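Note that this is a predicted model, so its numbers are computed, not measured.
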Amino acid sequence: MTAYTIPAQRNWFGLILLGLAVGVSSGLFGIGGGIIVLPALVYLFGYYTRIAAGTSLLAVVLPAIVGVISYAIEGNLDLLMAVLLATGSIVGAPIGSWLLTVLPQRAVRWGFIVFMLLVIASLFVVIPSRDAVVEMDWLLGAGLVALGLFTGVMSGLLGIGGGVIIVPLLVVLFGASDLVAKGTSLLVVIATGMSGTVANVRRKNVDPPAALVIGGAAALATPVGVWTAHALSPEIANIVFAVFLALVIIRMLVDVLSRRTQ
């Protein structure tokens, strides 16, 4: 890595604040936080996109681990669901990376924006039950693998974390509790984050000191987000998550309309 790919002087205080914000969001929404870290590193801290993406992927592992433990302690984790989702995601990610070279990026982003708007609308129709138990069978298992596949493809295409897809669809399509969906999503984040980081380190597409500072600060704040998720009623949690997804859409609209490339 050179001064052309990472800032000559890292803003450590800013990275700590970013990590704290990511930790609360990770625990509250069951996401890795890459959707926050990546644009912040590029637009606020001056990172080249390739380095920002690799740094983001490593940074989200620590808060995801803390989040999984926090949700598991309360019994809000489905290991089999996570394995099936991760299996599909691992297959889908390289497919998404290949499609990135053949599909027009603007069209893909517009399609994803429409998809997320539909997800937001569904969150106001389907209110999750905290007592819901998902009875696993072959059909449901195949559906989870398909969801993981779709998540992996979109991650490869758009560079987004899977939580913004996995959490709402586990609730809306599979009838899972919102808390179980968040805990399970974070376990998938750990698997994808660690596997992706290996490749990024080999290609020197990561800034380890910055990733550890962000991840360490995020890990400290994640339990606050998990506590907040448990404290909110399912109805309010849906509304808060819908607002977060709306912010994700706004961020993508800025990218699409500005046509900014890195």
Side-chain angles (χ1 to χ4, degrees), residues 1 5-74 76-77 155 159-164 166-167 179 182-198 200-201 204-232 237 240-241 243-245 247-248 251:
M1 292 183 293
T5 57
I6 62 174
Q9 296 292 329
R10 299 181 184 88
N11 181 351
W12 296 115
F13 181 70
L15 293 175
I16 291 173
L17 291 180
L18 173 61
L20 294 174
V22 167
V24 173
S25 300
S26 180
L28 177 57
F29 300 121
I31 63 171
I35 196 73
I36 301 172
V37 177
L38 178 56
L41 289 179
V42 172
Y43 295 108
L44 300 180
F45 296 93
Y47 277 74
Y48 184 64
T49 299
R50 179 166 48 87
I51 305 300
T55 302
S56 171
L57 198 60
L58 175 57
V60 301
V61 171
L62 281 176
I65 291 173
V66 173
V68 165
I69 294 173
S70 300
Y71 277 105
I73 289 174
E74 299 292 334
N76 294 312
L77 176 66
S155 296
I160 61 171
V164 295
I166 290 175
V167 173
L179 298 179
K182 292 171 183 178
T184 301
S185 170
L186 287 172
L187 189 54
V188 178
V189 168
I190 296 172
T192 55
M194 294 182 67
S195 62
T197 294
V198 172
N200 284 323
V201 169
K204 297 183 178 180
N205 289 340
V206 61
D207 181 3
L212 292 177
V213 168
I214 297 169
L220 293 175
T222 299
V224 176
V226 175
W227 177 85
T228 304
H230 284 81
L232 295 176
V240 173
F241 194 63
V243 171
F244 174 76
L245 294 180
L247 294 176
V248 172
R251 179 232 154 171

> Does the side chain of Phe244 reach to within under 4.5 Å of the side chain of Leu28, using non-hydrogen atoms?
Replying inline: no

>> Which heavy atom of Gly183 sits nearest to which heavy atom of Val68, and what is that distance?
In response: O-CG2, 3.9 Å

> If every non-hydrogen atom of Gly32 is compared with every non-hydrogen atom of Leu186, which pair is closest and at what distance?
Replying inline: N-CD2, 4.5 Å

> How far apart are the closest heavy atoms of Gly54 and Val206, and which atoms are they?
Replying inline: O-CG2, 3.6 Å

>> To check you understand the geometry: which heavy-atom pair defines the closest contact between Ala72 and Leu77, and what is its length?
In response: CB-CD2, 3.8 Å

>> Tell me whether Tyr71 contacts the main-chain N or O of Gly27 through its side chain, where contact means a donor paired with an acceptor under 3.5 Å.
In response: yes

> Please walk me through it: do Asn76 and His230 pass side chain to side chain contact (heavy atoms under 4.5 Å, CB included)?
Replying inline: CA-CA 10 Å; Asn76 294 312; His230 284 81; 3.1 Å; yes

> Where do Val37 and Leu57 land on the side chain to side chain contact (heavy atoms under 4.5 Å, CB included) test, with the steps shown first?
Replying inline: CA-CA 9 Å; Val37 177; Leu57 198 60; over 6 Å; no

> What is the distance from atom OG of Ser25 to atom CG of Leu20, rounded to the nearest 0.5 Å?
Replying inline: 10.5 Å

> Between Ile36 and Leu18, does a side chain to side chain contact (heavy atoms under 4.5 Å, CB included) hold up when you go through it step by step?
Replying inline: CA-CA 8 Å; Ile36 301 172; Leu18 173 61; 4.1 Å; yes

>> If I compare all heavy atoms of Ala211 with all of Leu58, which pair ends up nearest, and what's the gap?
In response: CB-CD2, 3.6 Å

> What do the steps show when you test Leu245 against Val164 for side chain to side chain contact (heavy atoms under 4.5 Å, CB included), and what is the final call?
Replying inline: CA-CA 7 Å; Leu245 294 180; Val164 295; 4.0 Å; yes

> Heavy atoms, side chains only, cut-off 4.5 Å: are Arg10 and Asp207 in contact?
Replying inline: yes

> Would you call Pro223 and Val66 a side-chain contact if the rule is heavy atoms closer than 4.5 Å?
Replying inline: yes

> Got a sec: does the CH2 of Trp12 have more than 12 other heavy atoms crowding it under 6.0 Å?
Replying inline: yes

> Do Val240 and Thr228 touch side chain to side chain, with heavy atoms closer than 4.5 Å?
Replying inline: no

> In Å, rounded to the nearest 0.5 Å, how long is the span from OG1 of Thr55 to CZ of Phe45?
Replying inline: 12.0 Å

> Ile166 and Ser185: which non-hydrogen atoms are nearest, and at how many Å?
Replying inline: CG2-CB, 4.0 Å

> Parallel, tilted or perpendicular: which fits the ring planes of Phe241 and Phe29, with parallel below 30° and perpendicular above 60°?
Replying inline: tilted

> Backbone N or O of Val167 within a donor-acceptor pair of the Lys182 side chain at under 3.5 Å?
Replying inline: no

>> Looking at Val22, is its backbone amide N or carbonyl O close enough to the side chain of Ser26 to form a donor-acceptor pair, meaning the two atoms are under 3.5 Å apart?
In response: no

